[in-house]
**Q** 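Below is the structure I would like to discuss, written out as structure tokens.
Sequential numbering from 1 along the given sequence is applied to the chain's residues.
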Amino acid sequence: ENSDEKAGLVRRFRNGALIVIFASVLCGLLAWNEPHPVAVALAVFVGGAGILAIDIALAYRSSVRRSKS
């Protein structure tokens with residue numbers, strides 16, 4: 001059961017990272033006419049990475065709590 005939870009966390013992280021990278025590239029391309037398209041992509045990447053980190057931390061904490069009880 002514990003290995004299934006770890007595999008789920010890894011899968012969740014991998015999928016989330018791919019979504020964040022794809023969104024950053026897409027936003028950079030869409031903002032190409034802006035003065036700083038790389039800054040737009042970087043802002044999306046940092047924001048997405050922060051959201052992903054919070055999501056993974058909450059999922060990890062939940063799995064730890066379930067394994068203790």
**Q** List the atom of Ile56, the atom of Leu9, and the distance in Å for their closest heavy-atom pair.
**A**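 Closest heavy-atom pair between Ile56 and Leu9: CD1-O, 4.0 Å.
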**Q** Same cluster or not: Val38 versus Leu30, using hydrophobic residues (I, L, V, M, F, W, Y) connected whenever any side-chain heavy atoms lie under 4.5 Å apart?
**A**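 Cluster IDs for Val38 and Leu30 differ.
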**Q** Which pair of non-hydrogen atoms, one from Ala31 and one from Pro37, has the smallest distance, and what is that distance?
**A**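 Heavy-atom minimum between the residues: O-CB, 3.4 Å.
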**Q** If you compare all heavy atoms of Gly28 against all heavy atoms of Ala41, which two are closest, and at what distance to 0.1 Å?
**A**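 Residues Gly28 and Ala41, closest heavy atoms: CA-CB, 3.8 Å.
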**Q** Ignoring hydrogens, what is the shortest heavy-atom contact between Arg12 and Leu52? Give both atom names and the distance.
**A** O-CD1, 4.3 Å
**Q** Between Ser24 and Val20, is there a donor-acceptor pair closer than 3.5 Å when you use the side chain of the first and the backbone of the second?
**A**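 At least one qualifying donor-acceptor pair exists.
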